[in-house]
2 protein chains.
Amino acid sequence: MSPVNAPAKRDPEAARQRILAAALAEFSEKGLGGARVDVIAQRAGVNKRMLYHYFGNKDDLFLAVLELAYGEIREAEKALNLDDLSPVEGMGKLVAFTFDYFVQAPYFIKLLNSENLHGARHLRRSKAILDMHGPVIGLITDLLERGAAEGVFRDDADPVEVFITIASVGYFYFSNVHTLSAIFDRDLTSEREVAARRAHVIDVVLGYLRPT
Amino acid sequence: MSPVNAPAKRDPEAARQRILAAALAEFSEKGLGGARVDVIAQRAGVNKRMLYHYFGNKDDLFLAVLELAYGEIREAEKALNLDDLSPVEGMGKLVAFTFDYFVQAPYFIKLLNSENLHGARHLRRSKAILDMHGPVIGLITDLLERGAAEGVFRDDADPVEVFITIASVGYFYFSNVHTLSAIFDRDLTSEREVAARRAHVIDVVLGYLRPT
DNA sequence: TATTGAAGTAACTAACTGGTTACTTATATC
DNA sequence: GATATAAGTAACCAGTTAGTTACTTCAATA
């Protein structure tokens with residue numbers, strides 16, 4: 001006869017979520033190799049044994065975190081509704097969205113860097129992630145085709161190359177902020193610098209896409 | 001009375017170089033955290049104690065490797081002689097060079113990723129590296145100014161943004177080859193794909209720089 | 001050729017690391 | 001309310017890890 005809203009003494013789902021959140025933080029701060037299982041357990045406020053109970057081992061936990069992170073960005077992309085916009089506006093919105101996403105979810109970049117250091121061995125096991133990327137390419141293909149037909153975009157742009165380029169120009173900036181800031185002796189994490197970079201990357205993609 | 005060319009039983013400089021080369025390989029394959037001091041010693045064919053004798057500790061050894069890697073690319077850049085070329089040709093050559101450099105020295109990307117995961121804490125201690133980047137920016141500034149004056153480049157491009165963009169479009173491709181290859185289910189390390197990317201990144205930079 | 005400092009070695013250590021064992025406790029369901 | 005199963009805990013373990021100790025050997029030079 002316990003009240004519906006009473007805090008459950010045991011809440012498996014909440015524990016799972018806390019482990020995932022703690023692992024996301026720890027993995028993105030220290031990388032897969034640098035992250036410590038004990039620290040994740042401590043941050044999640046659960047016994048270390050629970051990580052193994054819920055996720056099997058460190059690598060499988062990392063994969064779960066990776067699936068979470070990829071799921072979030074591809075889900076957000078789907079909600080963009082670029083079909084209602086002109087090709088130029090749509091492309092600008094996609095580039096801005098991608099850039100802003102890196103600002104909002106800095107852990108995404110760190111996780112991908114870690115995964116690439118390890119040859120994408122976790123991701124390759126995840127059918128969920130591998131099936132996730134059709135939609136984005138579809139979005140870009142549609143924008144490029146409409147733009148070329150209307151004569152506002154060049155007609156020789158490859159959708160996958162464009163996708164990689166859109167990701168590149170923002171990703172690299174944030175992935176390498178520390179070395180770039182040190183080298184150029186200016187704080188590239190400042191709002192002013194980030195805003196300047198944001199304007200630049202939109203200029204680059206739209207500038208490139210102008211008809212030849 | 002030992003012959004000049006007889007192999008010295010002790011060759012400190014050679015030992016130092018072998019340690020550096022082994023550390024470069026190990027650090028770029030496993031990252032700073034994943035690299036093992038014992039493995040570096042083994043790969044270099046020296047006693048582990050020698051790493052500490054020559055370089056002090058693991059972090060200082062990493063910094064030495066970083067200085068070596070940065071020195072190499074900035075030195076190669078200096079030999080480009082872009083002044084003799086037209087702005088468009090010069091910029092094309094710089095973009096191609098940067099891209100090709102990532103192909104030729106894949107360890108450079110791995111080392112930078114590691115350094116950024118650690119907040120550039122080694123690099124910031126290295127005056128040598130921090131003083132290394134004036135020349136490249138000078139090169140780009142000159143190309144942009146000449147191009148704008150001749151009316152073949154837009155006049156609102158910032159040299160540092162352009163530098164970062166030139167690096168981005170190649171760096172990200174190679175840094176993330178494994179995840180990208182998995183996601184798009186095609187081997188982006190193949191010669192054909194690399195050549196296509198190379199052509200694309202030149203198109204992107206030169207396309208963007210066209211006058212507005 | 002005596003000396004001294006750098007080059008080199010083997011064995012060790014204290015702290016850590018991912019994962020396990022052996023066990024207890026809560027809860028849904030029949 | 002008995003019971004099976006999932007949730008949870010504390011203590012432990014075998015293998016690593018960066019760095020050190022205590023020592024020997026070589027070779028330049030005074």
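None of the values given here were measured: they were computed from a predicted structure.
Rounded to whole angstrom, the span from the CG atom of L61(B) across to the P atom of dG19(D) amounts to 10 Å. Atom CZ in F55(A) sits about 12 Å away from atom P in dG8(D), given to the nearest Å. For the pair D59(A) CG and dG19(C) P, the interatomic distance rounds to 7 Å; values are reported in whole Å. If you take CG of D60(A) and P of dG19(C), they are 9 Å apart, rounded to a whole angstrom. With rounding to whole Å, M50(B) atom CE is found 12 Å from dC23(D) atom C1'. Rounded to an integer number of Å, the gap from D38(A) CG to dA15(C) P is 16 Å. Residue L51(A) contributes atom CG, which lies 12 Å from atom P of dG8(D) at whole-angstrom precision. F62(A) places its CZ atom 14 Å from the P atom of dG19(C), with the value rounded to the nearest Å.
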Pair up each side-chain donor or acceptor in residues 103-113 of chain A with any protein partner under 3.5 Å, not counting sequence neighbours, and list the distances.
unit_1  : atom_1 : unit_2  : atom_2 : d
Y107(A) : OH     : E72(A)  : OE1    : 2.5
N113(A) : OD1    : Y171(A) : OH     : 2.8

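Distances were taken from every side-chain heavy atom of R36(B) (C-beta onward) to each of dG8(C), dT9(D), dA18(D); the shortest belongs to dA18(D). Here dA7(C) is the nucleotide among dA7(C), dG8(C), dA7(D) with the atom lying nearest to any side-chain atom of H53(B). Counting only heavy atoms from C-beta on, V37(B) has its side chain closest to dA18(D) among dA18(D), dG18(C), dA7(D).
Partners of K30(B) according to the side-chain hydrogen bond (donor to acceptor under 3.5 Å, both in side chains) rule, which considers only residues two or more places apart in sequence or in another chain, are E26(B). Scored by the side-chain hydrogen bond (donor to acceptor under 3.5 Å, both in side chains) test, N116(B) finds T179(A) as partners (sequence neighbours excluded). Listed by chain and number, the residues in a salt bridge (charged side-chain N to carboxylate O under 4.0 Å, His left out) with R198(A) are D100(A) (sequence neighbours excluded). Applying the salt bridge (charged side-chain N to carboxylate O under 4.0 Å, His left out) rule to D187(A) yields no partners; only residues at least two apart in sequence or on another chain are considered.
Judged by distance alone, the side chains of H122(A) and E115(A) do bring a donor and an acceptor atom under 3.5 Å apart.
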Using nucleotides 20-22 of chain C, report all nitrogen or oxygen pairs with the protein that are shorter than 3.5 Å.
unit_1  : atom_1 : unit_2 : atom_2 : d
dT21(C) : O4     : R49(A) : NE     : 3.2

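The closest side-chain heavy-atom distance from N81(A) to D84(A) is below 4.5 Å.
Contacts of A35(B) with the nucleic acid, taken as non-hydrogen atoms under 4.0 Å apart, involve only primed sugar atoms and P, OP1 or OP2.
In this model, the phosphate group of dA6(D) is not approached by any side-chain N or O of Y54(A) to a distance below 4.0 Å at OP1 or OP2.
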